[in-house]
Number of protein chains: 2
Amino acid sequence: MALTRRPGAYHCGTEAAMDVIGGRWKVSVLWALEDGDGGPLRFGQLRRILGGITEKVLASHLRELVEDGIVHRQDFAEVPPRVEYSLTPRGKSLYDALETLGDWGQANIIDAASAPSPT
Amino acid sequence: MALTRRPGAYHCGTEAAMDVIGGRWKVSVLWALEDGDGGPLRFGQLRRILGGITEKVLASHLRELVEDGIVHRQDFAEVPPRVEYSLTPRGKSLYDALETLGDWGQANIIDAASAPSPT
DNA sequence: CGGCATCCTGTACGATACTG
DNA sequence: CAGTATCGTACAGGATGCCG
């Protein structure tokens with residue numbers, strides 16, 4: 001399995017985590033799968049929710065997230081095809097870990113945007 | 001000030017935070033400034049601690065982190081030059097927010113490497 | 001619908017040399 | 001020592017077309 005993208009040498013666990021969520025849309029995908037609707041999402045839904053992402057990038061990101069055990073992919077093997085994506089337990093735990101960071105971002109973005117400067 | 005690299009539209013605070021720490025070495029710099037020694041670090045020290053980073057990249061990352069209010073840059077205006085970098089309060093808060101993520105990374109990397117599979 | 005194959009591009013990053 | 005300037009590159013990401 002993955003979670004070992006970078007050859008050896010991490011200074012800290014954070015760098016390792018960054019490898020997993022380092023893609024341009026990775027966290028957006030996580031967000032969509034957890035907050036976007038609550039339930040599993042199909043490829044097209046995801047693409048629509050995320051807005052500007054292209055199919056290729058979405059596909060590759062999903063593939064990597066599946067490899068890393070973050071995202072569960074359920075293929076219903078129907079015609080026309082139906083595939084649903086959801087977070088694995090590990091994915092949920094990652095999402096939780098990201099929430100702290102999200103709060104920070106929220107607070108500091110809003111600060112930077114609204115508050116002139118706390119002196 | 002910055003913290004607004006991306007034009008509008010964040011889905012969640014996490015994406016915003018990712019803009020701040022999205023660089024290849026950003027979190028490593030944070031880690032070095034907080035865990036590397038405890039005290040402020042000079043440019044050369046930082047470069048040595050981080051290992052593979054080039055001067056150009058370190059300089060640009062530092063500049064961005066300063067712009068984002070994460071890193072404090074103290075220029076002593078001496079000859080030869082002496083400049084010390086440290087985390088601002090905001091930087092420390094970011095570092096704390098990252099620690100949760102770091103724990104996740106630590107746990108899951110180690111899991112993936114040592115444990116075969118928790119079934 | 002859910003992709004993959006192909007091609008193209010921007011840019012983040014890297015290497016090296018040089019300056020105040 | 002602390003950077004800037006310049007150049008080169010690798011790769012992530014984007015656009016398009018096609019297929020099961």
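Given the structure is predicted, the values throughout are model-derived calculations rather than measurements. Each chain gets a letter, A, B and so on, in the order its sequence line appears, and its residues count up from 1.
A sub-4.0 Å separation between OP1 or OP2 of C:dG3 and a side-chain N or O of A:Arg73 is present. OP1 or OP2 of C:dG3 lies within a sub-4.0 Å distance of a side-chain N or O belonging to A:Tyr85.
Counting to the nearest Å, the C1' atom of C:dG3 and the CZ atom of A:Arg82 are 16 Å from each other. Atom CD in A:Gln74 sits roughly 16 Å away from atom C1' in C:dC1 (whole-Å rounding). Straight-line distance from the NE2 atom of A:His61 to the C1' atom of C:dC4: 16 Å, rounded to whole Å. Rounded to an integer number of Å, the gap from B:Leu58 CG to C:dC13 P is 12 Å. Here C:dC4 presents its P atom at 11 Å from CG of A:Asp75, a figure rounded to the nearest Å.
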Might you work through the side-chain contact (heavy atoms from CB on, under 4.5 Å) test for B:Val29 and B:Leu58, ending with a clear yes or no?
CA-CA 8 Å; B:Val29 170; B:Leu58 178 56; 4.2 Å; yes

Tell me, with the steps shown, if B:Phe43 and B:Leu62 meet side-chain contact (heavy atoms from CB on, under 4.5 Å). CA-CA 9 Å; B:Phe43 190 90; B:Leu62 281 173; 4.0 Å; yes

**Q.** Derivation of the side-chain contact (heavy atoms from CB on, under 4.5 Å) call for A:Asn108 and B:Arg90
**A.** CA-CA 8 Å; A:Asn108 286 272; B:Arg90 173 182 279 177; 2.7 Å; yes

Does B:Val71 form a side-chain contact (heavy atoms from CB on, under 4.5 Å) with B:Leu87? I'd like the steps, not just the answer. CA-CA 5 Å; B:Val71 165; B:Leu87 291 187; 4.1 Å; yes

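Here chain A contacts DNA chain D (any atom closer than 4.0 Å to a heavy atom, that is under 4.0 Å), and the contacts span D:dG13 to D:dG20 from 5' to 3'.
Panel note: side chain A:Asp35, backbone A:Trp31; no donor-acceptor pair is recorded below 3.5 Å.
A:Arg63 comes within contact range of the sugar-phosphate backbone alone, with a heavy-atom separation under 4.0 Å but no base atom that close.
Annotation: side chain to side chain contact (heavy atoms under 4.5 Å, CB included) contacts of A:Val83 (sequence neighbours excluded): A:Arg73, A:Asp75, A:Tyr85. Legend: residues meeting side chain to side chain contact (heavy atoms under 4.5 Å, CB included) with B:Asp103, ordered by chain and number and at least two apart, are absent.
Separating the CD1 atom in A:Ile21 from the CG atom in A:Leu98 is a distance of 4.5 Å, to the nearest 0.5 Å.
A:Ala32 and A:Leu50 make their closest contact through CB-CD2, 4.1 Å (heavy atoms, listed as atom of the first residue, atom of the second, distance).
Of the two residues near DNA chain C, B:Gly23 and A:Val83, the one whose nearest nucleotide lies more 5' is A:Val83.
Across its full length, the helix from C:dC1-D:dG20 to C:dG20-D:dC1 shows an angle of 50° between the axes of its 5 terminal pairs at either end, rounded to 10 degrees.
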Contact list (N/O, under 3.5 angstrom) for nucleotides 14-20 of chain C vs protein:
from   : atom 1 : to      : atom 2 : distance (Å)
C:dG14 : OP1    : B:Trp25 : NE1    : 3.4
C:dG14 : OP2    : B:Trp25 : NE1    : 3.2
C:dG14 : O6     : B:Lys56 : NZ     : 2.3
C:dA17 : N6     : B:Glu55 : OE1    : 3.4

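Within the structure, every pair that satisfies the salt bridge (Lys or Arg N to Asp or Glu O under 4.0 Å) test and touches residues 77-87 of chain A, not counting sequence neighbours, is listed here: A:Glu78-A:Arg82, A:Arg82-A:Glu84.
Side-chain contact annotation: A:Glu15 with B:Ser28, donor-acceptor N/O pair under 3.5 Å present.
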